[in-house]
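The structure under discussion appears below in the form of structure tokens.
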Amino acid sequence: MVERHVETFGKLGFKVDISNPQFSQKANLSSEIVKLTGEKTNQRWIGIAPFAQYDSKVYPQDLMQQLIDRLASDSNAKIFLFGGGNKEIEILNSLSNGKENVINVAGKLKLPQELDLISNLDIMVSMDSGNSHIAAMLGIKVVTLWGATHPFAGFSPFNQPLENCLVSDREKYPMLPTSVYGNKKVEGYEDAMRTISVETVVEKIQETI
């Protein structure tokens with residue numbers, strides 16, 4: 001989609017070069033943010049945004065719990081969970097329960113503060129959702145998980161390598177993607193994202209971070 005915009009501006013006479021994008025510097029974290037996150041030392045800060053507008057794009061909660069547990073077992077990692085709304089906050093509280101290095105930031109920071117925090121992450125793990133694009137625009141490495149949708153439709157995060165887009169098994173689910181936006185459900189495809197193993201996601205994070 002970004003390339004299509006560039007092409008359109010080009011036809012209007014405006015040259016836009018995205019071959020070597022420049023990103024803003026990491027934000028200075030306010031004392032209010034640091035009170036929640038702690039100071040960033042040599043820990044790797046991992047953001048996880050486990051929600052999307054449509055359920056067909058959301059990694060199953062039990063697998064997400066396994067992923068968070070695996071990442072949290074590394075004492076050198078601190079995981080921040082992003083979301084919004086009472087239902088999502090409740091789920092995030094459950095996902096972070098009992099783990100000191102997993103922090104649910106949903107409902108605790110205002111949007112500008114969340115953006116400052118995201119700019120200080122080492123990596124963002126996201127569904128095919130807005131959080132992946134926000135992190136990418138801030139120059140943060142992004143790993144995305146794809147269910148009913150597919151990055152070839154044009155919505156992969158900006159300036160991120162295609163191999164960081166982990167897609168569901170199209171041999172087992174040959175009709176994928178079932179829609180561009182994930183708003184169309186196809187019977188029998190409810191478990192497509194289960195073909196993205198927790199081990200695959202962990203390995204990609206470790207390889208990318």
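Numbers here simply count residues along the sequence, with the first being 1. Keep in mind that what you see is a predicted model, and the values were worked out from it rather than measured.
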Would you say that more than 12 heavy atoms from the other residues, nucleotides or ligands in this model lie under 6.0 Å from the [atom1] of [X], or not?
| X | atom1 | answer |
| --- | --- | --- |
| Y181 | OH | no |
| N28 | CG | no |
| E100 | CD | no |
| M1 | CE | yes |
| K99 | NZ | yes |

Could you check if a side-chain atom of [X] sits within less than 4.5 angstrom of a side-chain atom of [Y], using non-hydrogen atoms only?
| X | Y | answer |
| --- | --- | --- |
| V167 | H150 | yes |
| F23 | N159 | yes |
| S56 | Y189 | no |
| Y59 | V198 | yes |
| K26 | I140 | yes |
| V102 | L81 | yes |
| R44 | D74 | yes |
| N93 | N97 | no |

If I take atom [atom1] from residue [X] and atom [atom2] from residue [Y], how far apart are they, to the nearest 0.5 angstrom?
| X | Y | atom1 | atom2 | result |
| --- | --- | --- | --- | --- |
| I134 | L111 | CD1 | CG | 6.5 Å |
| N183 | T178 | CG | OG1 | 8.5 Å |
| L162 | T144 | CG | OG1 | 8.5 Å |
| L71 | I48 | CG | CD1 | 5.0 Å |
| K204 | I123 | NZ | CD1 | 9.0 Å |
| S129 | L145 | OG | CG | 9.5 Å |

Q: For the pair S30 and I33, evaluate side chain to side chain contact (heavy atoms under 4.5 Å, CB included) and give the outcome as yes or no after the intermediate values.
A: CA-CA 5 Å; S30 67; I33 299 173; 3.3 Å; yes
Q: Report the C-alpha distance between D122 and K40 in whole Å, list the side-chain angles of each, state the deciding distance to 0.1 Å, and finish with yes or no for salt bridge (charged side-chain N to carboxylate O under 4.0 Å, His left out).
A: CA-CA 11 Å; D122 294 293; K40 187 172 186 182; 3.3 Å; yes
Looking at [Y] and [X], is there a salt bridge between them, counting it only when a charged N and a carboxylate O are closer than 4.0 Å?
| X | Y | result |
| --- | --- | --- |
| D62 | R194 | yes |
| K35 | E32 | no |
| E199 | R70 | yes |

Do [X] and [Y] land in one hydrophobic cluster if side-chain heavy atoms of ILVMFWY residues count as linked below 4.5 Å?
| X | Y | result |
| --- | --- | --- |
| Y173 | W146 | no |
| V142 | F158 | no |
| L67 | L121 | no |
| I89 | I103 | no |
| L36 | L92 | no |

Shortest non-hydrogen separation from [X] to [Y] and the atoms involved:
| X | Y | answer |
| --- | --- | --- |
| G83 | A106 | O-CB, 3.4 Å |
| G147 | L176 | O-CD2, 3.5 Å |
| P157 | H133 | CA-ND1, 3.9 Å |
| P50 | V58 | O-CG1, 3.3 Å |
| E190 | V186 | OE2-O, 4.1 Å |
| N101 | A72 | ND2-O, 3.0 Å |

Would you say [X]'s side chain and [Y]'s backbone share a donor-acceptor pair under 3.5 angstrom?
| X | Y | value |
| --- | --- | --- |
| K57 | Q53 | no |
| Q113 | K110 | yes |
| S119 | Q25 | no |
| Q43 | K78 | no |

Q: List the steps and the verdict of side chain to side chain contact (heavy atoms under 4.5 Å, CB included) for L138 and S24.
A: CA-CA 7 Å; L138 293 170; S24 58; 4.3 Å; yes
Q: Please determine, by modelled atom types, if N86 and E90 share a side-chain donor-acceptor pair under 3.5 angstrom.
A: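 Distance-only check fails for N86 and E90.
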Q) Would you say the side chains of T149 and D128 form a donor-acceptor pair under 3.5 Å? A)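 Yes, D128 and T149 have a side-chain donor paired with an acceptor closer than 3.5 Å.
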Q) Please walk me through it: do Q61 and L95 pass side chain to side chain contact (heavy atoms under 4.5 Å, CB included)? A) CA-CA 8 Å; Q61 188 173 330; L95 291 171; 4.2 Å; yes
Q.
Is the ring pair F80/W45 parallel, tilted or perpendicular, if the boundaries are 30 and 60 degrees?
A.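 Correct class here is perpendicular.
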(Q) I'd like to know whether M127 forms a side chain to side chain contact (heavy atoms under 4.5 Å, CB included) with M64, so could you lay out the CA-CA distance, the side-chain angles of the two residues, the decisive distance to 0.1 Å, and finally the verdict. (A) CA-CA 11 Å; M127 308 301 103; M64 181 56 70; 3.8 Å; yes
